[in-house]
Amino acid sequence: MLPPFSVVIPCFNEAARIGQTLRLTLDYLVTHAPESELIVVNDGSTDTTGTETREGFDETKIETRLLENFPNRGKGAAVREGLLAAQKPIGLFFDADLSTPLDEIPKVIEPIANGDLDIAFGSRALDRSLIGIRQPWRREYGGRVFNFLVRIVTGLPFWDTQCGFKAFRLDICRPILEAARIDGFAFDVELLVLAQRAGLRIREIPVRWNHAEGSKVRFLHDGVQMLREVIAARNRL
């Protein structure tokens, strides 16, 4: 059994898969961490994500909440809102596509629960043999270039800042979440930079991962914007 923790799932137009994601997540929590809670942040979806989420919350013993942003503010804003609303000692966010399987959750929850870490996050880069279904080559190598540039610009020692599978000791990390300003896809980098400068204990942990179609990240446009956000964050800090 795992200790209680808060799951945050940011969503933008995820009606096609959020129902299945909620069923799997709730089943996992009932079995492994029944005192946990599940928070979905509907970030200005223009489809039926909100309706599907409400239906997915029916008849479960797990604490659930739906937070709704209108209009769309960005993944970073959605993740922060969910984590700041969390009521459990540990907060974990992951993407609605479940690219990192739920069975990997103990890898990031247990080190925090044991008092060893303040932030634990999944990585596709540390052991690429754990990747099942790979991304298209352009996205995969674009991601590697982005993370290389992040290391140069920020001084962070990590190899995969963008894997959407991160856990936080919330009493320690709340000031960092409140101080963060990036609403877009580069929010992960800002959080890690703030955490490193605050002297928090951070670890990048290899996890299993499978590419899922339907990513909201546009390879060239969002990649350039993310790099601009990283540089702006570094200059602001």
Side-chain angles (χ1 to χ4, degrees), residues 5-30 32-33 36-58 60 62-86 88 90-105 107-109 121-124 131-136 139 143 160-168 183-188 191 207-219 222 226:
F5 61 97
S6 299
V7 172
V8 174
I9 304 179
C11 291
F12 175 66
N13 289 347
E14 296 287 1
R17 57 187 168 199
I18 190 61
Q20 175 71 356
T21 294
L22 294 181
R23 284 191 292 274
L24 293 173
T25 303
L26 289 168
D27 286 348
Y28 182 91
L29 294 177
V30 166
H32 299 283
S36 296
E37 67 174 345
L38 173 57
I39 301 170
V40 172
V41 184
N42 180 20
D43 188 32
S45 296
T46 56
D47 63 4
T48 59
T49 294
T51 300
E52 298 293 332
T53 298
R54 292 185 189 92
E55 292 177 357
F57 282 169
D58 285 345
T60 179
I62 300 296
E63 297 176 45
T64 58
R65 272 183 288 166
L66 172 62
L67 308 179
E68 302 211 58
N69 291 340
F70 290 101
N72 173 272
R73 293 178 55 200
K75 183 179 179 181
V79 168
R80 288 198 306 273
E81 181 178 359
L83 291 173
L84 288 171
K88 305 302 178 181
I90 300 172
L92 165 68
F93 82 82
F94 53 74
D95 296 332
D97 60 14
L98 296 182
S99 292
T100 302
L102 296 170
D103 288 344
E104 300 292 88
I105 287 176
K107 289 185 178 180
V108 295
I109 294 295
F121 66 98
S123 173
R124 298 159 290 189
I131 298 177
I133 302 172
R134 307 188 77 91
Q135 300 179 81
R139 292 182 69 91
D160 185 8
T161 59
Q162 301 311 111
C163 182
F165 195 76
K166 293 182 173 66
F168 303 80
D183 289 340
F185 290 112
F187 75 98
D188 311 66
L191 290 177
V207 294
R208 291 185 295 134
W209 189 86
N210 294 287
H211 173 66
E213 295 295 334
S215 171
K216 303 303 188 297
V217 180
R218 294 164 293 178
F219 170 69
D222 289 328
M226 287 161 64

Discussion item. Is there a side-chain contact between Pro10 and Asp43 in this structure, where contact means two heavy atoms from C-beta onward sitting under 4.5 Å apart?
Written reply: no
Worksheet item: Could you walk me through whether Val41 and Asn69 pass the side chain to side chain contact (heavy atoms under 4.5 Å, CB included) check?
Response: CA-CA 7 Å; Val41 184; Asn69 291 340; 3.9 Å; yes
Worksheet item: Which value, rounded to the nearest 0.5 Å, describes the distance between Arg124 atom CZ and Arg134 atom CZ?
Response: 11.0 Å
Discussion item. Do Asn210 and Ser99 make a side-chain contact, defined as non-hydrogen atoms from C-beta onward lying under 4.5 Å apart?
Written reply: no
Discussion item. Could you tell me if the side chain of Phe121 sits less than 4.5 Å from the side chain of Asp160, heavy atoms only?
Written reply: no
Worksheet item: Does the distance from a Lys or Arg side-chain N to an Asp or Glu carboxylate O, for Arg208 and Glu104, drop under 4.0 Å?
Response: yes
Fill in: 4.5 Å side-chain heavy-atom contact, Thr25 and Leu102
yes
Fill in: Pairing residues for Asp188 by the side-chain contact (heavy atoms from CB on, under 4.5 Å) criterion, not counting sequence neighbours
Phe93, Gln162, Lys166
Item to complete: Could you tell me which non-hydrogen atom of Leu83 sits nearest to which non-hydrogen atom of Leu92, and how far apart they are?
Response: CD2-N, 4.3 Å
Discussion item. To the nearest 0.5 Å, what is the distance between OG1 on Thr21 and CG on Asp97?
Written reply: 7.5 Å
Item to complete: Over all heavy atoms of both residues, which pair between Glu37 and Ser6 is shortest? Give the atoms and the distance, please.
Response: OE2-OG, 2.5 Å
Worksheet item: Taking side chain as C-beta onward, heavy atoms only, is Glu14 less than 4.5 Å from Asn42?
Response: no
Worksheet item: How close do Gly50 and Glu68 get, heavy atom to heavy atom, and via which atoms?
Response: CA-OE1, 4.5 Å
Worksheet entry | 4.5 Å side-chain heavy-atom contact, Phe12 and Lys75 | no
Fill in: Heavy-atom pair of closest approach, residues Gly82 and Leu67
CA-CD1, 4.3 Å
Discussion item. Any non-hydrogen side-chain atom of Ile9 less than 4.5 Å from a side-chain atom of Phe94?
Written reply: yes
Worksheet item: Does the side chain of Cys11 come within less than 4.5 Å of Thr53's, by heavy atoms?
Response: no
Item to complete: Look up atom CG in Leu26 and atom OG1 in Thr60, then write down how far apart they are to the nearest 0.5 Å.
Response: 4.5 Å
Discussion item. Working to the nearest 0.5 angstrom, can you tell me the gap between Phe57 CZ and Leu66 CG?
Written reply: 6.0 Å
Fill in: Separation of Arg73 CZ from Glu81 CD (nearest 0.5 Å)
6.0 Å
Practice prompt. Might you point out which heavy atoms bring Trp209 and Pro101 nearest each other, and give the distance in Å?
Written response: N-CD, 4.4 Å
Discussion item. Can a side-chain donor-acceptor contact be found between Arg17 and Gln20 if the only test is distance below 3.5 angstrom?
Written reply: no
Item to complete: Might you work through the side chain to side chain contact (heavy atoms under 4.5 Å, CB included) test for Phe165 and Asp95, ending with a clear yes or no?
Response: CA-CA 7 Å; Phe165 195 76; Asp95 296 332; over 6 Å; no
Practice prompt. Please answer whether the main-chain N or O of Ala85 pairs with a side-chain N or O of Arg65 as donor and acceptor at a distance below 3.5 Å.
Written response: yes
Worksheet item: Say you draw a straight line from CD1 of Ile109 to OG of Ser36; how long is it, rounded to the nearest 0.5 Å?
Response: 7.5 Å
